[in-house]
Amino acid sequence: MIRALLFLLQFTLIPVAMGRIITYKAKGECFENGFVRYITGLISSWGIFYVLFSLLEWFQNWNTYNEPFIGCYSALKYSYMVVSIAMVVVWLILDWKRFFGIKDFIKTFFSNLYKEIKTNRFLPIYIAFFALALLVQSYFAYKYEINEWSYDDYDYVVSSVDTINNDILSNSSIYTGDSQYMQTKRAASSWTTYIAFISDISGYDVTTVCHTILPVILMWVAYVVYFIIAQALFNKKEDVFIFMTLLSVIFIFGNHSHYALTFRMLCTIWQGKAVLFAVIVPFMYYYFMKLFDGEITNKNILPTIAISMGATSLSTMSMMIIGLLVGSIWITTSIYHKKIQSIRYLIAGLIGPVYQLIFYWLICLLLEDMQGGWPQHFNRSRGNSWWYKWFG
Amino acid sequence: MVWLDFIFEITRQFWGDLGYALLFVLALIAIMMVSSYRKKKQILIYTIVVLVFIYNPITYFVCTKLMEESTFVQYFLRFFNILPVFLIIAFGLTTLLQKAEGIKKLVAFVVAIAVIAGLGNCLYTEEWFTKAENRNKVPQDVVTLCDLFADYEGDTIRIMAPQDVAVYLRQMDSRFSMPYSRYLPDEAMELTNWAPHPDVVAKYAKENDIDYVVVSAVEDVMNPFLNFGFKLYGRTPNYAVLTPFNPDWILTEYEDKSGDQGMAYTMKNVNDGTLILIDGGNAPNEEQMREAIEDNGGVVDAWILTHYHKDHIDTFNAIYENPGDIEIKNVYVTPLDSDTFYSLNLQPWDDIETFETFKRVTENANNINYVNRNDKLSFSDGLNITFFNACDDVVINGREDVPNNVSLVFKMETANRSVLICGDAHSKYLAEYLVDTYGTELKSDILQCGHHGNNSMPIETGFYDCVSCETAIFDAPDWLMTGPDYTAGALAAHFIESGSRVVWFKTAPNIFGL
C-alpha cells in the first residue's frame with residue numbers, strides 16, 4: 001500500500017510541488033492554470049531526474065574500467081528522492097496557505113461546472129459521453145495488450161529490469177544481462193531508468209508498470225493536456241467537452257496507420273517516444289504558443305528550460321523532435337506577429353535538445369575511450385580518479 | 001525523382017486510406033472559415049511550416065545523410081507526429097458544431113462521431129489487440145516458464161528459446177541470459193520446426209554454453225528432442241523446457257526407400273568420426289546409405305548385420321560388392337552357415353538369393369567376423385556393444401522362424417544412454433529366453449522393436465517390461481503401422497500407454513544421442 005502510494009506520488013504530489021516551485025515566479029496567463037502548473041511540474045520532475053541521471057551516468061562510465069562500476073542507479077534513486085522530498089518541503093513552506101487552497105480550487109471548479117450544468121441541460125450529456133469514452137479507453141489500456149512481440153517492447157522493459165538488478169545505468173546487454181554493453185541511445189535518455197525507478201520504489205514488476213499501470217496513468221495525463229488545450233480554444237464548457245469527446249473518439253478510430261498517434265496513445269504510451277508525441281508535443285505546442293504570445297520576461301525561462309529538459313529525457317529522438325517543434329513554433333509566431341519573436345525563449349526551449357546532443361556526443365567519445373580507442377579523448381585513469389583514491 | 005517517390009510513399013504510409021487526411025484538410029478549412037478563435041491563423045501557419053519541413057527535398061537529403069539507412073523511413077515518418085492532426089480534426093468539427101444549438105447540436109454531435117467512426121479504423125477491433133492473460137501482459141506461457149525457475153539458485157540461466165518467448169523472458173526475470181539477439185540464428189528455428197534437428201540444437205547449445213532450451217510442446221517438435229536425449233525440465237501448455245544433451249554418439253534410423261519395411265541405422269561418434277552401420281535395408285536403399293557413409297568420410301569402421309533377409313542386407317551386399325570409394329573395415333554377422341541355412345524349413349520370404357549373394361560377395365573376405373552370444377565389442381568414448389543373441393543352439397533348437405530369430409540382438413551403451421537392437425528376433429520362446437537369461441541387463445533407453453514391431457516379441461513375456469524403454473523404434477512404414485492385418489499398431493499403443501514414445505519411418509530420419 002505504501003509502495004503503491006510512493007508510485008502515485010510521482011504523478012500527484014511531486015509534480016504539483018515541482019510545478020508550483022518552478023512556476024513560482026513565472027508570469028503569464030497559462031501559469032495561472034492549475035493543470036498547466038501540474039503538467040509543467042510533471043515534465044520538470046522528469047527533467048530533474050534526467051540531469052541527475054546524466055551526471056551519474058557520466059560518473060559511472062568515467063570510473064568503469066575492467067569491471068562494472070556498480071551503485072550509480074541506487075545513487076540516482078536516493079538523490080532523486082532527496083531532491084523530490086526537498087522540493088515538496090520547500091513547496092509546503094512557500095505555499096502553505098495555498099496548499100489548503102486546493103480544496104477551494106476543487107470546490108470552485110465543480111461549483112462553476114454545476115452552475116453551467118444548471119443553465120445548460122445538454123452539458124451533462126456531453127460530459128457523460130466524454131466520461132464514457134475515457135472509461136472505455138482506460139479499460140482497454142488496463143486490460144488489453146498487443147499480442148505480437150515487439151523488439152522495442154523488449155528493449156525498453158529489459159533495460160529497466162537490468163538497471164534495477166545490476167544497479168548500473170544503461171550499461172548492460174539486454175540479451176545476456178552482462179555489464180559493459182552500452183547502447184548510446186539508451187545512455188543519452190533517462191526514461192527507461194525513470195521507469196526502473198518507479199517500479200523499484202513501488203515494488204511492481206517492470207512489465208506491470210509498463211504494460212498495465214502507465215498506459216492508464218499516462219493516458220489520463222495526455223487528456224489533462226488536451227483539456228488544457230480545449231480550455232484555451234473554447235469558452236463554453238459544452239464546447240470543451242464536445243471537443244474532448246470527439247478527440248477521444250478520433251483516437252479510438254484513428255488507427256489509419258501504424259504511424260498514427262492512436263497506436264502510441266492507446267497502445268504504447270509508456271514508451272518514451274510515445275509520451276513525447278502524445279503528451280509532450282501537444283503540451284509544448286500549447287505552452288510555447290502562449291509563451292511567445294505573452295510578456296517576454298526572464299521569469300519564464302526556468303519553467304521553459306525545465307520543460308525542455310524533461311521533454312528530452314524521454315528519448316534520444318527528442319533532440320530532433322523538440323528542436324524541430326520549438327523552432328517551428330518560433331517561426332510560426334514570428335510570421336503571425338510579423339516580427340522576430342523572443343530569442344531568449346527560443347534558446348530556453350532548445351536547452352534540452354542541446355544538452356542531450358552534447359551529452360550524447362560526450363558519451364560516444366567516452367565509449368570509444370572505454371573500448372580502448374586511440375588516441376584517448378579524455379585523460380582518465382583509475383590512478384587519477386578521486387573515487388578510486390578515496391574508496392579504493 | 002527519388003524524393004518524389006519517397007514523398008508519395010511516406011504519405012501513403014502515414015495517412016493510410018486518406019480518410020483522416022480528408023478530415024484533417026476539411027477541419028483546417030472549417031477552422032479558417034468558421035472559427036471565432038482569435039489566433040486560428042497560427043494553427044494554419046504552424047501546419048504549413050511543418051508540412052513544408054516534411055515535404056521538401058532539403059529535409060529529405062539532409063536526413064538521408066544523418067539517419068541510418070535501415071531506420072530512415074520510420075524515423076522520417078515520426079516528423080508527422082509534430083503535426084497535431086487529431087487536435088485539429090477535433091477542433092474543426094467542434095467549430096462546425098458551434099454553429100448549432102440545443103438538440104440540433106446534439107444530433108450533429110452524434111453524426112460527427114459517426115463520420116469519425118465511418119472514416120476511421122477502430123483500434124479495438126484489430127486482431128493483434130486482445131485481452132491480456134495476466135497483469136504483466138506477457139504470454140501466460142512466459143509467466144509459467146519463469147515460475148519453473150522460481151527456486152533456481154544460480155545467478156544466470158543461459159537459455160535458448162523461440163523468438164516469441166525469448167523477447168519476454170528477460171522482461172520477467174533478468175537472470176535469463178540469451179545467446180542471440182534480435183536476429184535469430186538458424187539453430188533457433190529448430191526449436192519450433194515441425195521436423196527439428198535436435199543434433200543441430202545440441203551442438204549450438206554446447207558451443208554457446210546453454211543451460212536450457214525452450215521448444216514447442218507440440219509432440220512432433222518436442223519428442224525428437226526427448227528422443228535425442230534432451231531431458232524435460234518442465235513445461236507449459238505450449239512450450240517445454242529441456243536440458244540439452246551433448247552425446248558422443250548419434251544413432252540415426254533411416255526410412256527404407258523401397259517403401260517397404262527395412263532396417264538401416266548409422267551410429268556415429270561426433271568426436272572422432274567412428275562410424276558403425278547396422279544392416280542397410282532393401283536394395284533401393286543403397287544410394288541413401290552410400291550418401292550417409294560418404295557424408296561421414298567414406299569409412300565404415302564396423303558394419304553389423306543382424307541377419308540375412310533382403311530388407312536388412314541387400315544394400316550391404318550391393319555396397320560390399322561394389323564399394324567405390326567406401327572402405328569397410330569390419331563386418332559383424334550372425335554365424336549362420338550354408339548347411340544350417342538350407343536345412344531349415346525355408347519360406348518364400350526367407351530370401352535365399354540374398355543369403356547366397358552375401359556368401360558370394362564375402363567369399364574371400366578377411367573382414368567378416370562371426371559374433372557369438374555374450375561377445376562384447378568396444379569403441380571410442382566408452383561405447384560398448386554386448387550381444388545377447390546370435391545363431392547358436394538356443395535358436396536352432398527352438399526351430400521357430402529360425403532365419404529371423406538368428407538375428408543379432410545387442411545392446412549398445414555409453415555412460416549416458418543405451419539402445420537395444422533386436423533385428424528381426426521376435427518369437428515368444430526367444431523373448432522368454434532373453435528375459436530369463438539377461439533380465440535387467442536388457443534395460444535400455446531406446447528399443448528397436450524386433451521384426452519391425454509386427455508379430456514382435458509378445459507383451460506377456462515381460463520382455464518390454466525388462467527393457468522399459470523411453471522410446472520404441474519401429475522400422476516400418478505407415479501401412480505397416482496402421483494396417484489392420486498387422487500387429488505393429490497394437491504394440492505401439494502398448495508403448496504409448498506405458499508412457500514410452502514411438503517413432504517409425506513417418507518422422508525418419510530419427511536421431512538419438514548416446
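Reminder, nothing fancy here: chain letters follow the sequence lines and each chain counts from 1.
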### Message
Using heavy-atom distances under 4.5 Å, tell me whether Asn120(A) contacts chain B through its side chain, its backbone, both, or neither.
### Response
neither

### Task
For Gln171(B) and Asp205(A), run side chain to side chain donor-acceptor pair (under 3.5 Å): C-alpha distance rounded to whole Å, both residues' side-chain angles, the deciding distance at 0.1 Å, then the answer.
CA-CA 9 Å; Gln171(B) 294 190 20; Asp205(A) 290 337; over 6 Å; no

### Any donor-acceptor N/O pair, Asn121(B) side chain to Asn255(A) backbone, under 3.5 Å
yes

### Query
Checking heavy atoms, do the side chain of Ala230(A), its backbone, both or neither come under 4.5 Å from chain B?
neither

### Side chain, backbone, both or neither of Val281(A) within contact of chain B (heavy atoms, under 4.5 Å)
side chain

### Query
Is it the backbone or the side chain of Phe292(A) that comes under 4.5 Å from a heavy atom of chain B, or both, or neither?
neither

### Task
Give the minimum heavy-atom separation between Lys131(B) and Glu145(A), together with the two atoms involved.
O-OE2, 4.1 Å

### Task
Below 4.5 Å from any heavy atom of chain A, which atoms of Tyr180(B) appear? Answer side chain, backbone, both or neither.
backbone

### Query
Taking it one step at a time, do Lys105(B) and Glu238(A) satisfy salt bridge (charged side-chain N to carboxylate O under 4.0 Å, His left out)?
CA-CA 10 Å; Lys105(B) 191 172 189 176; Glu238(A) 182 183 83; 2.6 Å; yes

### Query
By a 4.5 Å heavy-atom criterion (distance strictly below it), what part of Phe122(A) contacts chain B: side chain, backbone, both, or neither?
side chain

### Considering all heavy atoms, the nearest Tyr144(A)-Thr130(B) contact
CD2-C, 3.2 Å

### Task
Can you see which heavy atom on Asn165(A) is nearest to which on Ser174(B), and at what distance?
ND2-OG, 2.7 Å

### Query
Ile252(A) versus chain B, heavy atoms under 4.5 Å apart: side chain, backbone, both or neither?
both

### Query
Parallel, tilted or perpendicular for Tyr126(A) and Phe109(B), by the 30°/60° rule?
perpendicular

## Note on the structure
Ile321(A) and Arg78(B) have their tightest heavy-atom pair at CD1-O, 4.2 Å

### Residue, of Asp173(B), Leu18(B), Leu123(B), Val49(B), that accumulates the most heavy atom pairs under 4.5 Å with chain A
Leu123(B)

### Query
Is the backbone N or O of Ile10(B) less than 3.5 Å from a side-chain atom of Tyr259(A), with the two atoms forming a donor-acceptor pair by type?
no

### Task
Taking the side chain as every heavy atom from C-beta outward, state whether Tyr168(B) and Val157(A) have any pair of such atoms under 4.5 Å apart.
no

#### Entry: Nearest atoms (heavy-atom pairs only) where Met178(B) meets Tyr154(A)
CG-OH, 4.2 Å

### Query
Which atoms of Ile331(A) come close to chain B, meaning under 4.5 Å heavy atom to heavy atom: side chain ones, backbone ones, both, or neither?
side chain

### Message
Determine whether a donor-acceptor pair (N or O, by modelled atom type, separation under 3.5 Å) exists between the side chain of Asn147(A) and the backbone of Pro139(B).
### Response
no

### Query
So what's closer than 4.5 Å to chain B heavy atoms on Tyr285(A): side chain, backbone, both or neither?
side chain

### Query
Can you check whether Trp128(B) reaches Cys267(A) side chain to side chain, under 4.5 Å on heavy atoms?
yes

### Task
Against chain B, label Ile125(A) side chain, backbone, both or neither, depending on which of its atoms sit under 4.5 Å from a heavy atom there.
side chain

## Note on the structure
Counting heavy-atom pairs under 4.5 angstrom with chain A, the leader among Phe176(B), Phe53(B), Phe80(B), Tyr75(B) is Phe53(B)

### Query
Centres of the Tyr46(B) and Tyr336(A) rings: under 6.0 Å?
no

### Task
Evaluate the side-chain proximity of Val85(B) to Leu261(A): yes if any heavy-atom separation is below 4.5 Å, no if none is.
no

### chain B interface, residue from Phe129(A), Tyr142(A), Trp149(A) that has the most non-hydrogen pairs under 4.5 Å
Trp149(A)

### Query
Between Asp162(A), Ile335(A), Thr262(A), Leu233(A), which shows the greatest number of heavy-atom pairs under 4.5 Å with chain B?
Leu233(A)

### Message
So does Gln13(B) get a backbone contact from the side chain of Ser257(A), meaning a donor-acceptor N/O pair under 3.5 Å?
### Response
yes

### Task
Please report the shortest heavy-atom distance between Asn136(B) and His211(A), naming the atom on each side.
O-ND1, 2.7 Å

### Query
In terms of heavy-atom proximity below 4.5 Å to chain A, should Lys39(B) be classed as side chain, backbone, both, or neither?
both

### Query
Under 6.0 Å between ring centres, would you say that holds for Phe234(A) and Phe91(B)?
yes

#### Entry: Within-4.5 Å side-chain heavy-atom neighbours: Ile45(B) and Thr333(A)
no

### Query
For Ile174(A), does its backbone N or O pair with a side-chain atom of Arg170(B) as donor and acceptor, under 3.5 Å?
yes

### Task
Spell out, as yes or no, whether a donor-acceptor pair under 3.5 Å connects the side chain of His256(A) to the backbone of Phe14(B).
yes

